[in-house]
Amino acid sequence: MAPPPAARAAPRLDLLLPGAVALGVLTLQLVVAHRYGIFRDELYFLACGRHLQWGYVDQPPLVAVLARLGELISGGPSGSLTLLRLIPALCNAGLCWGTGRFAARLGGGPFAALLAALAAAAAPVYLVQGHFLSMNCVESLLWLAGAWLLAEALLRDDPRFLTGLGALCGLGLLNKFSIVFLAAACLGALLLVPQRRLLLTRQALAGAALGAVFAAPTAIWQLLHGLPQLELLRNGQLYKNAPITLLQFSTEQLLNEGPSTWLVASCGLVWLLRGRALPRLRALGFVFLLAYALIAGLHGKAYYIAPAFPPLIAAGTVQLEQWLRPLMARALALLLVSSQLALMAALALPLLEAETNVRLSQRLGVAPRHEERGSYNDLPQFLADQFGWPELAEDVAAVWARIPAGERAHAAIFGQNYGETAAIDWYGPALGLPAALSVHNEYWSWSKRRIEDGPEIVRAVVIGDDPRRLAELFEQVERAAIHRSKWAMPYETELPIWLCSGPRRPLREVWPGLHHYQ
């Protein structure tokens with residue numbers, strides 16, 4: 001006998017409704033992709049993409065590969081910023097679709113699938129991650145896939161899915177080192193539940209072996225270069241990252257996820273831990289708690305735990321579907337989440353002009369959060385760091401033009417951080433500028449090779465820096481220009497550009513001791 005129409009339609013709706021949300025998110029991201037400019041970290045990743053290697057001081061290699069692919073797709077500095085950001089936009093859409101589909105896998109119907117996709121779309125942290133290229137847009141997808149593999153292993157009592165989980169964690173290490181929190185949390189969660197025997201199977205051991213093989217290239221690179229990631233993390237804790245208490249870490253989750261998404265995820269955590277409907281999946285709740293404890297205990301930034309929320313969002317919508325049976329109750333839930341999506345899109349994405357965004361934030365009482373030390377302006381850092389880079393290259397070009405053409409072979413441009421330096425590398429060739437040098441992160445080693453192999457540098461255009469420090473390196477130090485950008489971060493505006501000459505010591509002698517990992 002043929003199934004009733006509703007039974008035939010439900011699976012299609014479970015597939016199509018999250019797909020519709022994902023398509024809407026993709027469209028939104030691509031529409032606003034070009035509105036402001038390239039983000040600071042994107043510029044650096046693009047530079048890394050032009051120096052492909054198995055590891056970097058501050059990240060594994062995958063984001064550089066994606067940046068190189070994005071540059072090829074977009075056409076480079078003179079091409080389309082929208083196409084450059086196609087990959088993170090697809091990741092954001094994929095996260096929404098995957099969260100909705102995971103809700104269906106946990107037993108949810110069309111309403112749960114739709115609500116899960118919308119709740120993931122409405123979280124400001126994922127909207128921001130989907131706006132520009134970074135490791136974070138990929139990481140959230142990896143964590144969701146890891147939770148799904150673990151769920152399949154538990155529901156089917158099949159250790160073959162642990163083989164996939166181990167391989168995924170190894171591949172994830174090529175994207176971001178924080179995937180170790182997922183691996184450790186999954187291991188700890190399995191030890192806490194009766195299905196721990198799955199860990200002793202040859203399939204689980206094969207997964208661990210595959211993970212080790214996939215992670216080996218970047219791990220070996222780090223070892224061969226003296227584990228610079230550890231120095232970078234230590235310096236970040238001491239000098240860069242703003243201190244955060246456990247209470248602050250916890251309250252930040254409400255802001256990162258948004259109130260309605262956070263509420264849905266909280267329902268999901270309780271539902272998983274109670275284990276009444278699916279007792280085999282209690283381990284998924286333990287995964288979140290263990291990852292939360294690890295990241296908060298190590299004083300990680302609040303958004304580091306964001307990839308652990310989508311599985312909870314999916315679980316929460318299954319619980320809410322059971323609670324919210326009246327049509328009006330379900331409609332209200334969808335309206336609340338959709339309202340959050342509309343508001344958060346206006347705040348987290350460059351939908352509005354910068355002035356309008358600031359006014360709206362102030363009216364709502366939402367102030368930029370200080371995740372790092374240093375001064376902030378009225379625009380959040382993830383938006384402010386998209387301003388000022390083309391203008392900086394133009395200001396540097398004006399100073400560079402003061403150096404006689406015959407002397408430029410022995411001159412160089414120096415940036416204080418990878419954002420400034422990469423901006424010169426990205427926008428500079430069209431202005432006649434050479435590649436810039438810097439002591440910051442991976443730029444130090446790239447610059448070191450050029451300094452050692454190239455002609456002696458006797459003149460320099462230096463962005464920022466303390467004139468007293470420059471006077472220790474050069475005999476003549478002149479402030480040649482001031483770079484200003486209204487909406488850039490405060491430390492990237494009112495920025496002096498120095499013209500220096502007469503090095504007191506050959507630069508190749510002092511460079512080895514100047515590296516700055518942070």
Checking Gln222 side chain against Tyr56 main chain: does a donor-acceptor pair fall under 3.5 Å?
-> yes

Report the C-alpha distance between Leu62 and Thr218 in whole Å, list the side-chain angles of each, state the deciding distance to 0.1 Å, and finish with yes or no for side-chain contact (heavy atoms from CB on, under 4.5 Å).
-> CA-CA 10 Å; Leu62 181 59; Thr218 193; over 6 Å; no

Going through the distances and angles, do Leu28 and Leu351 end up as a side-chain contact (heavy atoms from CB on, under 4.5 Å)?
-> CA-CA 9 Å; Leu28 172 64; Leu351 236 118; 3.6 Å; yes

Short side-chain to backbone donor-acceptor contact, Arg282 and Arg274, under 3.5 Å | yes

Can you tell me how far the CG atom of Leu84 sits from the CG atom of Leu46, to the nearest 0.5 Å?
-> 5.5 Å

Heavy-atom pair with the smallest gap, counting every atom of Ala112 and Ala103 | O-CB, 3.9 Å

Please name the pair of heavy atoms, one in Asp14 and one in Ala113, separated by the smallest distance, quoted to 0.1 Å.
-> O-CB, 4.0 Å

Check whether any side-chain heavy atom of Phe214 lies under 4.5 Å from a side-chain heavy atom of Leu168, and answer yes or no.
-> no

Look at the side chain of Gln340 and the backbone N and O of Ser260, then say whether any donor-acceptor pair between them is shorter than 3.5 Å.
-> yes

Would you check if the distance from the ring center of Phe132 to the ring center of Phe382 is below 6.0 Å?
-> no

Would you indicate whether the side-chain heavy atoms of Tyr126 and Pro310 approach each other to under 4.5 Å?
-> yes

Keeping the roles fixed (side chain from Thr317, backbone from Ala314), state whether a donor-acceptor pair exists under 3.5 Å.
-> yes

Trp262, CH2: over 12 other non-hydrogen atoms inside 6.0 angstrom | no

Do Glu42 and Arg85 sit within salt-bridge range, that is, some charged N less than 4.0 Å from a carboxylate O?
-> yes

Return yes if some donor-acceptor pair links the side-chain N/O of Asp158 with the main-chain N/O of Ala153 below 3.5 Å, else return no.
-> no

Starting from the C-alpha separation in whole Å, work towards a yes-or-no answer on side-chain contact (heavy atoms from CB on, under 4.5 Å) for Ile305 and Gln253.
-> CA-CA 8 Å; Ile305 192 61; Gln253 305 316 316; 3.0 Å; yes

How about Ser339 and Leu335: do any of their side-chain heavy atoms sit closer than 4.5 Å?
-> yes

Other residues, nucleotides, ligands: >12 heavy atoms within 6.0 Å of Trp221 CH2 | yes

Separation between CG (Leu255) and OG1 (Thr251), nearest 0.5 Å, reads 6.5 Å

Looking only at non-hydrogen atoms, find the nearest pair between Val318 and Gly107 and report the distance.
-> CG1-C, 4.4 Å

Within a strict 4.5 Å, meaning less than it, do heavy atoms of the Leu364 and Leu347 side chains meet?
-> yes

Whether Ser74 side chain and Glu71 backbone form a donor-acceptor pair below 3.5 Å = yes

Keeping the roles fixed (side chain from Thr261, backbone from Ala119), state whether a donor-acceptor pair exists under 3.5 Å.
-> yes

Do any N or O atoms from the side chain of Asn235 and from the backbone of Tyr517 form a donor-acceptor pair under 3.5 angstrom?
-> yes

Glu257 to Val125 - nearest heavy-atom pair and separation | OE2-CG1, 3.7 Å

Mark yes or no for whether Arg330, through its side chain, and Glu321, through its backbone, hold a donor-acceptor pair below 3.5 Å.
-> yes

Parallel, tilted or perpendicular: which describes the rings of Phe288 and Tyr292, with under 30° parallel and over 60° perpendicular?
-> tilted

Looking only at atom types and distance, does a side-chain atom of Thr163 sit under 3.5 Å from a main-chain N or O of Gln203, one as donor and one as acceptor?
-> yes

Atom CH2 of Trp97 with >12 non-hydrogen neighbours under 6.0 angstrom = no

With rounding to the nearest 0.5 Å, note down the distance linking CG in Leu173 to CD1 in Ile179.
-> 8.0 Å

Just how far is it from atom CG of Asp41 to atom OG of Ser134, taken to the nearest 0.5 Å?
-> 7.5 Å

Atom pair OH (Tyr36) and CG (Asp385), whose distance is rounded to the nearest 0.5 Å | 13.5 Å

Under a 4.5 Å cut-off applied to non-hydrogen side-chain atoms, are Tyr303 and Glu252 in contact?
-> no

Side-chain heavy-atom pair Asn175, Pro60 within 4.5 angstrom cut-off | no

First locate atom CD of Glu231, then atom CG of Asn441, and finally report the distance between them rounded to the nearest 0.5 Å.
-> 9.5 Å

Is there a side-chain contact between Tyr418 and Arg40 (heavy atoms, below 4.5 Å)?
-> yes

Which pair of heavy atoms, one from Ala302 and one from Phe249, lies closest together, and at what distance?
-> CA-CE1, 3.7 Å

Start with the C-alpha distance between Tyr44 and Asp58, add both sets of side-chain angles, then the distance that settles side-chain hydrogen bond (donor to acceptor under 3.5 Å, both in side chains), and finish with yes or no.
-> CA-CA 11 Å; Tyr44 178 54; Asp58 40 5; 3.0 Å; yes

Does the side chain of Arg50 reach to within under 4.5 Å of the side chain of Arg68, using non-hydrogen atoms?
-> yes

For Leu182 and Leu142, which heavy atoms make the closest approach, and how far apart are they?
-> CD2-O, 4.3 Å

Where at least one partner belongs to residues 178-197, residue pairs that pass salt bridge (charged side-chain N to carboxylate O under 4.0 Å, His left out), sequence neighbours excluded | Asp157-Arg197

Checking side-chain contact (heavy atoms from CB on, under 4.5 Å) for the pair Met344/Leu349: CA distance, chi angles, key distance, verdict?
-> CA-CA 8 Å; Met344 294 306 171; Leu349 296 176; over 6 Å; no

Answer yes if the side chains of Glu442 and Ser445 hold a donor-acceptor pair under 3.5 Å, and no otherwise.
-> yes

